[in-house]
Each structure stands twice: as C-alpha cells, then as structure tokens.
Amino acid sequence: MMLIPAHHFRDIERKPEYLQPEKCVPPPHPGPVGTMWFIRDGCGIACAIVTWILVLYAEFVVLFVMLIPSRDYVYSVINGIVFNLLAFLALASHCRAMLTDPGAVPKGNATKEFIESLQLKPGQVVYKCPKCCSIKPDRAHHCSVCKRCIRKMDHHCPWVNNCVGENNQKYFVLFTMYIALISLHALIMVGFHFLHCFEEDWTKCSSFSPPTTVILLILLCFEGLLFLIFTSVMFGTQVHSICTDETGIEQLKKEERRWAKKTKWMNMKAVFGHPFSLGWASPFATPDQGKADPYQYVV
C-alpha cells in the first residue's frame, strides 16, 4: 500500500477510535463458507432472465428456422455445432459472472477486535465504509445494489445481476465476447438464409409460413445487431480497463493513481490467470490471482 498525502480526507478516518467500532457488529447469521453468491435485486433478476430468453430465442430461430430445414447437411451440422458451442459458453460465462462473489469485503468488520488485530502504527490510517460498517482495502467501492464494498469494482451490471469486480471480471469479459460472437454468427446466417430464400421458393426454405419466417428472421437480425454493438463496446471497454489497470469507477471519478503500474500483459494475467493458456477462454477455469495481501486494509 502507498502512503496517502495528508490532504486526502474522503472516506478516511484518521484514528481508529473515530471509526466508532462499538456501533459495528458482525452479521448475526454469517453464511457458511462456500455459500453461493446471489444478489436479490428485482431489476437484475429480470434482466438476467431476459438475457437467457433472448439467447434461447436466437437458438430457436437458428435451429428450427434456418438449419434443420436446410438440405445442406454439412452446412447445418457445422454451423449448428459452432453456434451451440458459443451459446453454451456465453450462458456458462453469464452464470459464473452472476454467481461468483465479485470481491466483497466482509460486512461489519469494523469492530474493535478487528481494528486492534491490524496493529496500526502512528500515522497509519484505514478506509471505512459507513454504509456497510466495514474497513475496506484500497480501490474498493461501495455498491448500493449489492449493499457491499467490492474490491476493484468496475461497475454494477444488471444484465448479470452482479457487480463486476476483482473475482468475476474474467467471466464478464468472456460473456460479452461470446455474446458478440454468437450475434455476429447469427447475422451472417440470416444473410445467407435470406439470399437462399430469395433464389428458391420460400415455402421450401423453412418449416414455417413465409410471413412467419420473415418476422422471425427480422427479429433475430435486430436482436443480433443490437447486442453485437452493445457487447463489442463493453468487451473493448473492459479489455482497455484491464490493460490500463484502472476500473470504470476510477476512470469516472478520475481518482489519483496510488498503486504500482504494471505492463499490459501482467494486468491481463492478473485477471485471466497465470500462465497464459486455453483456460483464459473457458468460463470453467478459475483464474489463479495469488494470495490476498494481509495488509490490504492498512495504508
């Protein structure tokens, strides 16, 4: 941790006794180790459900409108395997991003015992969040939706019903990447299908009536174009944030950089794991981010 100049007073208590530890008590019923992380937010849950519905709609149109009725079996098999694999990885990444603790700071840990265990020296200060009554490490911010302080919080994303933070940023990046890929793949197949149907009889290029086929394809085209643009921008923003080692909140607030500067490649490995491998593209591979700093609460 870096020493903070004397003029930095925001969210910092100069002495431990100012934290009022007697008002901070741990949660009465802490969850057991390994408890699944899930945010009970109505808007976030609705957005997560809509995300799955849209992916399943694309799956339905691709399979039952374009691929299964096609008489080119090689084309159908290859595109079916590719699209379903990308869709599976997208939904798996979504689940990991939604159900992984993004890096929550223990709630209610600003107790007298915890402060004494830090063994603060004269001149040392600690960060305190009055909203969740916790002593938080540097670069942590409070999320009003999760009602917790999150380490290296980038933003709260309703589409995954979770914060994007230190522990789940990899899964969020993979989610945006795979959604962009299946959107692009779907748009390409829609284009080929329209050309094929214009050249032949519409009644032979789909199991549905021509008007129904056109409506389903137009809706898929609109969905694919919208999410291709949205997720591509999010993917690029996240990769830039990782390479510069500066979260979205830190960029928005233009916070002074107080952490060591590393190379872009080291920043990528810090998020996706050491060393570089195919596991970077897998939502099932948990990145090895190293051990937590025991002095991360002290500056």
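Just so it is clear, the model here is predicted, and its values are computed rather than measured.
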Taking atom CZ of Phe222 as the centre, does the number of heavy atoms from other residues, nucleotides or ligands within less than 6.0 Å exceed 12? no
Nearest heavy-atom contact between Ala180 and Leu228 is O-CD1, 3.4 Å
Taking it one step at a time, do Leu85 and Leu89 satisfy side-chain contact (heavy atoms from CB on, under 4.5 Å)? CA-CA 6 Å; Leu85 177 61; Leu89 291 173; 4.3 Å; yes
State plainly whether one hydrophobic cluster holds both Phe175 and Phe227, where clusters connect Ile, Leu, Val, Met, Phe, Trp and Tyr through side-chain heavy atoms under 4.5 angstrom apart. yes
Please tell me if the side chains of Val50 and Trp159 come closer than 4.5 Å, counting only heavy atoms from C-beta onward. yes
Val77 reachable from Phe83 in the ILVMFWY side-chain graph, under 4.5 Å edges: no
Backbone N or O of Val173 within a donor-acceptor pair of the Thr176 side chain at under 3.5 Å? yes
To the nearest 0.5 angstrom, please state how far the SG atom of Cys221 sits from the CG atom of Leu226. 11.0 Å
How about Phe60 and Leu220: do any of their side-chain heavy atoms sit closer than 4.5 Å? no
Would you check if Met66 and Leu217 make a side-chain contact, meaning some heavy-atom pair closer than 4.5 Å? yes
Are any of the side-chain heavy atoms of Thr212 and Val65 separated by less than 4.5 Å? no
Could you state the interatomic distance from SG (Cys163) to CD1 (Ile39), rounded to the nearest 0.5 Å? 7.0 Å
Let me see the working for Arg151 and Asp101 under salt bridge (charged side-chain N to carboxylate O under 4.0 Å, His left out), right down to the final yes or no. CA-CA 10 Å; Arg151 295 192 301 271; Asp101 181 346; over 6 Å; no
Does a sphere of radius 6.0 Å around OH in Tyr57 hold more than 12 heavy atoms from other residues, nucleotides or ligands, not counting ones at 6.0 Å or beyond? yes
Ignoring hydrogens and geometry, is there a side-chain-to-backbone donor-acceptor pair from Gln251 to Glu246 under 3.5 Å? yes
Considering all heavy atoms of both residues, which atom of Ser241 and which atom of Gly248 are nearest to each other, and what is their separation? OG-N, 4.2 Å
Taking all non-hydrogen atoms of both residues, which atom of Ala285 and which atom of Lys170 are closest, and how far apart? O-NZ, 2.5 Å
Check step by step if side-chain contact (heavy atoms from CB on, under 4.5 Å) holds for Val62 and His185. CA-CA 10 Å; Val62 167; His185 191 196; over 6 Å; no
Indicate if Ile249 and Val271 have the same hydrophobic cluster label, given that clusters are the connected sets of ILVMFWY residues with side-chain heavy-atom separations under 4.5 angstrom. no
ILVMFWY cluster, Phe284 and Tyr178 together (side-chain gap under 4.5 Å): yes
What closest approach, in Å, do Pro69 and Phe64 show between heavy atoms, and which atom pair accounts for it? CG-O, 3.5 Å
Output the distance between atom CG (Asn162) and atom SG (Cys146), rounded to the nearest 0.5 Å. 5.5 Å
Go through the steps to decide whether Asn161 and Phe38 satisfy the test side-chain contact (heavy atoms from CB on, under 4.5 Å), and finish with yes or no. CA-CA 8 Å; Asn161 188 35; Phe38 184 76; 3.8 Å; yes
Could you give the distance from NZ (Lys152) to CD1 (Ile242), rounded to the nearest 0.5 Å? 8.5 Å
Met268 vs Phe276, test: side-chain contact (heavy atoms from CB on, under 4.5 Å). Steps then yes/no. CA-CA 9 Å; Met268 291 291 288; Phe276 172 76; over 6 Å; no
Is there a side-chain contact between Met234 and Phe172 (heavy atoms, below 4.5 Å)? yes
Please check this pair: side chain of Asp245 against backbone of Lys261, looking for a donor-acceptor N/O pair closer than 3.5 Å. no
List the atom of Ile150, the atom of Cys143, and the distance in Å for their closest heavy-atom pair. CG1-CB, 4.4 Å
If the plane angle is over 60° it's perpendicular, under 30° parallel, otherwise tilted; pick one for Trp52 and His94. perpendicular
Would you compute the distance between atom CD1 of Ile182 and atom CE of Met177 and round it to the nearest 0.5 angstrom? 11.5 Å
Got a second to check how far Lys107's NZ is from Cys149's SG, nearest 0.5 Å? 10.0 Å
Answer yes or no: does atom OH of Tyr75 have more than 12 heavy-atom neighbours from other residues, nucleotides or ligands under 6.0 Å? yes
I'd like to check Glu250 versus Thr244 (side-chain heavy atoms, cut-off strictly below 4.5 Å). Are they in contact? no
Examine Tyr171 and Phe272 and state if one hydrophobic cluster contains both, with Ile, Leu, Val, Met, Phe, Trp and Tyr joined whenever side-chain heavy atoms are less than 4.5 Å apart. no
Side chains of Pro283 and Phe88, heavy atoms from C-beta outward: is any pair under 4.5 Å? no
Side-chain contact test, heavy atoms from C-beta onward, threshold under 4.5 Å: evaluate it for Asn79 versus Leu67 and give yes or no. yes
Polar contact flag, side-chain donor to acceptor under 3.5 angstrom, Asn168-Trp37: no
Minimum heavy-atom separation for Lys147 and His142, please, with both atom names. C-CE1, 3.8 Å
